[in-house]
Amino acid sequence: MFEKVATQVSFPKEEEKVLAFWDEINAFEKSLEIRKGCAEYVFYDGPPFATGLPHYGHLLAGTIKDVIPRYQTMNGKYVDRAFGWDCHGLPVEYELSQELGLNNKREIEEYGIAAYNEACRGIVLRYTGEWRQFVKRIGRWVDFENGYRTMDRDYMESIWWVFKRLWDKGLIYEGHKILPYCPKDATPLSNFEANLGYEEVQDPAITVAFKLEGEQEMYALAWTTTPWTLPSNLALTVHEDVDYVYVQDGHVTYVLAEARLDTYYPDGRPEIVKAVKGKDLLGMQYEPLFPYFENLRDQGAFRIITADFVTTGDGTGIVHTAPGFGEDDAEAGRAHGVPSVCPIDAECRFTAEVGDYETRFVKDCDADIVKRLKGEGKLVHQTTHHHSYPHCWRCESPLIYRAISTWFVDIEKIKDKMLRANAQIHWVPEHLKDGRFGNWLEGARDWAVSRNRYWGCPLPLWRNEETGETLCIGSIGELEARTGGKFDDIHKHFMDPVIIEGETGPLTRVPEVLDCWFESGAMPYAQRHYPFENKAWLDAHFPADFIAEGLDQTRGWFYTLVVLGAALFDRPAFKNVVVNGMILTEDGRKMSKRLKNYADPMHVMNTYGADALRLNMLSSPVVRGEDLVFSEKGVQKTMRSVILPLWHAYSFLVTYARIDNWQPASERSDHPLDRWIRARLNHLVRDIRNGLDRCYLQTAATRFATFIDDMTNWYIRRSRRRFWKSERDGDKRAAYATLYHVLLTTVKALAPFAPFVTETIYRNLRSSEMPLSVHLCDYPDVIEADLNEKLEQQMARTRTAVGLGRYLRSQAHAKTRQPLRQAILVSLHDDVRADLMALRDIVADELNVKHVEIRADEEEVVTLSAKANFRVLGPRLGKNMNAVAGQIARLGFEEIQSLREGNALALELEGAEPFALAADDILIQRKEKEGMAVANEGDITVALDLNRDEKLVREGQAREIVHAIQNIRKEKGLDVADRIRVTYRVADDLAPAFDQFRDYIMGETLCTALDRAGEVGGDAIDLDGHAATFHIEKTRAMSRFARAKADL
RNA sequence: GGGCCUAUAGCUCAGUUGGUUAGAGCGCGCGCCUGAUAAGCGCGAGGUCAGUGGUUCAACUCCACUUAGGCCCA
């Protein structure tokens, strides 16, 4: 306890020591141990991919995931924190494919799925070491040993169980999804992959005339950039509310959106025969452009349908719709009962269904199709369209959007449950609940959960392709029972060869694997192998009390947790969620690993410390979903404005405690400063607790800066002399006890936010009976008896008065060192005067005045004027408000006084009854009277008596002398307890100051001999216009303890 | 193209149910203070509250539209 605190501190170095200490005592494990059996606070950790290195986003989320559990632990809860790894999915496959030089699915299958999957397994965890290092360095406590991995057999078995539950509830179905597809690689790509390869291209853009049924020479015009999809056209789509017109063009009539007329008829509008809304066109039939699917007319094809995606930005406002080749097309088609065709093979060549072009690659048919339409007179316009179009990120072929067989979770059936679940979730920031997330839920479509990939959890479906018999397996045990086999691993390469004997014959596995979001969404159950183990465990651990991830998880993890929670248990999967925003670079751009446009997080932590980085992020709006423009300077600022001042306060206490050999003792103190800082402290604790209980981190973190400022720059500064006093009186003990208590409580309250520096300080302050680590302590409770808003207000008013006095001194160029006779504090309000009276000694000392007078007669120093109290008068006066405000502004002193004494004042109003004005209807404003040394702020006015007599002047000089000697001491590097001998040379005019204040000077500077001499070496110093030369030498070295003894 | 968020001093951010001098910190300039401090205190300069329109006696605040940025989706 109270080991010497080095004057120079390196926070990163201290943090390394703390990390070693935590390892040494197993601090994290201990923090869990001491809460064993307590109520649990349930936390779920969202699993990251370990195929990349962690960046600021991870550090930010990790910090949030650390603060709340640390707080709840100190608050007496047991908070299990298991880390998770997302092991499956495309990111892993890409990385591996690149390393192995495998360019498409064919090459992967040639390489061998077993070898491929095992290689994926081999690289999944390659960066876990780096991850652990980062997580550790930022100070996050989390259990890596008992973490979960989505590729583990137990985890995957739980996923099967989840899938089977959905299957049994009838929530799984097979359907088609329009996906980007690479014709060369013969593989569907994810939307993410499609986004990798957008390029500018030129495509033919043609406008085609569709002949309307039962009309003479009347055509609907539709526009497309993919002529090869026209043989698959099954509908035309318009927007309900868009205006469409029939125009006469020669002998034919065309239908198109009115907004597109100018584009199609730039030289003048044709005659408009008829104008209608889109909804009036609904249901009209047209003749198929090609004969291939004419038979589908009976099934609802070749009609005009409506959908919201239709715009008039380009084309004709009537959209050619081929439900097999476009997401919007498929959706609109489904909604209106239009069938779907996809007459192309795996390499995107037309099948026999489109006989004229059979076996030809679809894109190569564009020209022929255009030519044919032209020949048939169905082509009315042809141009080239420049646009950005996705290409395969490997082979650069233009992608083709086409229907792919896919397994879905039927969201429509459980949407009500999902919305009910969301209603029970507390979102930070709040707006996400009904905004982004709520809207997403409302409009959620069925969830495509299968992927045509390899490294993932296989769909547990076996099927007889002939009969359609399909079996869903819900556990490994079930699979083993049905096959007689034994399965230690259920990855795709082990499952594909498994044949199950079904009722209608052998069943073979459906080849797809699950979307890795399905796996992470199943985390609440799968992390503990539920329900195969830990059946009772889930009751106590679902839903989570708290989760935290980035805004990008709205459609990711947050969503899948809610879907599965609602589907399985009709409950939300989490109660509180903190959503963090994105971290941007200093110039407001996205951080990019490739561009290296940001400082390495390790470098930042090793320069300013992890505490500074944590607090910097936590005190930003980024912890409630807004962006953070990150700068290294910001971290430095946090270090300097919070951590460093805290350190200095601590260092101050330890320095003097050592000198005085003070031992911790709890002592109630009645000293106003002590009571004040305790009031501030408990106010702080109350605010922080309120914030953390609701997961509001930002307000919580910023409160510390204000408090620490109060502590160092007012409490300690004002109390300094109480620590210096040589006597060991009660006041000194009270000051020590208070500062000790305040610091100890502060570090406990701050510990979840800045776990390192608080630990360092705590360890040097703790007595042997206290817990070993600050993180093993209880979180401070609010001591109601210490709360004192009245005293806080008194101090606030006192500080205002001091501020005004300092301002007056600076105006008059009267240094604070120069004592003045008196300060006059004026306020009309009794309670303000009482507050100032209570702490007048502080004002006297801060302003260095001999006397403080408090008066009520403010009209002597300020001019009063009145201003309308708009808040009160506005609702009553309405339109007459401005007229009354003008009259109030012109009120004179007498009228204001009369109002203040309770008399009403009748104001004449034009065209209305006179208005009776009362005291509460006005606000008093004050202005300093001209020519007086007076300053006003609100209802406090301060005047300073600047006249000085000779005694005051001498005293001021004496203080200058002390100041000069102290500076020399400091320059010479003397210890605060060293005794000195001083020889000085001055002119006669300054000599009386030395003589009259000899004891004062010697006492202040620990000077044992003070002698005037004729000659003194060294440079002369300017003392407020007087020259003086000092020679100072140390008399003898004294240890601090020796000094303490000597003082006794 | 759609949804959500953001826009306030040079920078980072506050700003209560709408109420009339829009605040703080940092930075800058001047002055002061300092025997814990890498500090601190006082003052000053610095704002068309992104723009336009509307509601209202009164709009940074409420509504509509526009612009710019971000995230997600298409």
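None of the values given here were measured: they were computed from a predicted structure. Naming convention: chains lettered A, B, ... in sequence-line order (proteins, then strands); numbering from 1 in each chain.
- In the set rA74(B), rC5(B), rA38(B), rC5(B) carries the atom at the smallest distance from any side-chain atom of H431(A).
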(request) Would you write the dot-bracket representation of RNA chain B, where each base gets (, ), [, ], | or . depending on whether it forms a Watson-Crick or G-U pair under 3.5 Å and with which partner? (result) (((((((..((((.....[...)))).(((((.......))))).....(((((..]....)))))))))))).
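- For W427(A), the side-chain hydrogen bond (donor to acceptor under 3.5 Å, both in side chains) partners are N422(A), not counting sequence neighbours.
- Scored by the side-chain hydrogen bond (donor to acceptor under 3.5 Å, both in side chains) test, D329(A) finds no partners at all (sequence neighbours excluded).
- By the side-chain contact (heavy atoms from CB on, under 4.5 Å) test, H239(A) is found to be paired with D241(A), V242(A), Y244(A), D308(A), V310(A), residues two or more places apart in sequence or in another chain being considered.
- rG46(B) and rA22(B): their P atoms are spaced 13 Å apart (whole Å).
- Comparing rG40(B), rG42(B), rA38(B) by their closest approach to the side chain of N713(A) singles out rG40(B).
- Applying the side-chain hydrogen bond (donor to acceptor under 3.5 Å, both in side chains) rule to R445(A) yields the partners E327(A); only residues at least two apart in sequence or on another chain are considered.
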Report, one pair per line, the protein and nucleotides 28-33 of chain B atoms (nitrogen or oxygen only) whose separation is under 3.5 Å.
from: rC32(B); atom 1: O2'; to: T816(A); atom 2: OG1; distance (Å): 3.4
from: rC33(B); atom 1: OP2; to: R817(A); atom 2: NH2; distance (Å): 3.4

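- Using a cutoff of 4.0 Å between basic side-chain nitrogens and carboxylate oxygens, R717(A) and E846(A) are scored as salt-bridged.
- Residues meeting the side-chain hydrogen bond (donor to acceptor under 3.5 Å, both in side chains) test with R959(A), sequence neighbours left out: N848(A).
- Scored by the side-chain contact (heavy atoms from CB on, under 4.5 Å) test, K13(A) finds S10(A) as partners (sequence neighbours excluded).
- rU48(B) and rC60(B) have their P atoms separated by 13 Å, given to the nearest Å.
- Applying the salt bridge (Lys or Arg N to Asp or Glu O under 4.0 Å) test to residues at least two apart or on different chains, the pairs with a partner in residues 615-625 of chain A are R624(A)-E626(A).
- For N880(A), the side-chain contact (heavy atoms from CB on, under 4.5 Å) partners two or more places apart in sequence, or in a different chain, are L877(A), L909(A), A912(A).
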(request) Using a 4.0 Å cut-off on protein heavy atoms (strictly under), produce a 5'-to-3' string for nucleotides 13-26 of chain B with B for base contact, S for backbone-only sugar-phosphate contact, and - for none. (result) SS--B-BBB---BS
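- When the nearest nucleotides of RNA chain B are assigned to R799(A) and M711(A) by heavy-atom distance, the more 5′-ward of the two goes with M711(A).
- In this structure, D920(A) and N869(A) have side chains that are not in contact, with every pair of non-hydrogen atoms separated by 4.5 Å or more.
- Straight-line distance between the C1' atoms of rC11(B) and rG19(B): roughly 31 Å, to the nearest whole Å.
- Partners of D710(A) according to the side-chain contact (heavy atoms from CB on, under 4.5 Å) rule, which considers only residues two or more places apart in sequence or in another chain, are W676(A), R680(A), R799(A).
- For the P atoms, the distance from rA74(B) to rC13(B) is 30 Å, rounded to whole Å.
- Nucleic acid contact for I716(A): base, since at least one base atom lies under 4.0 Å from a heavy atom of the residue.
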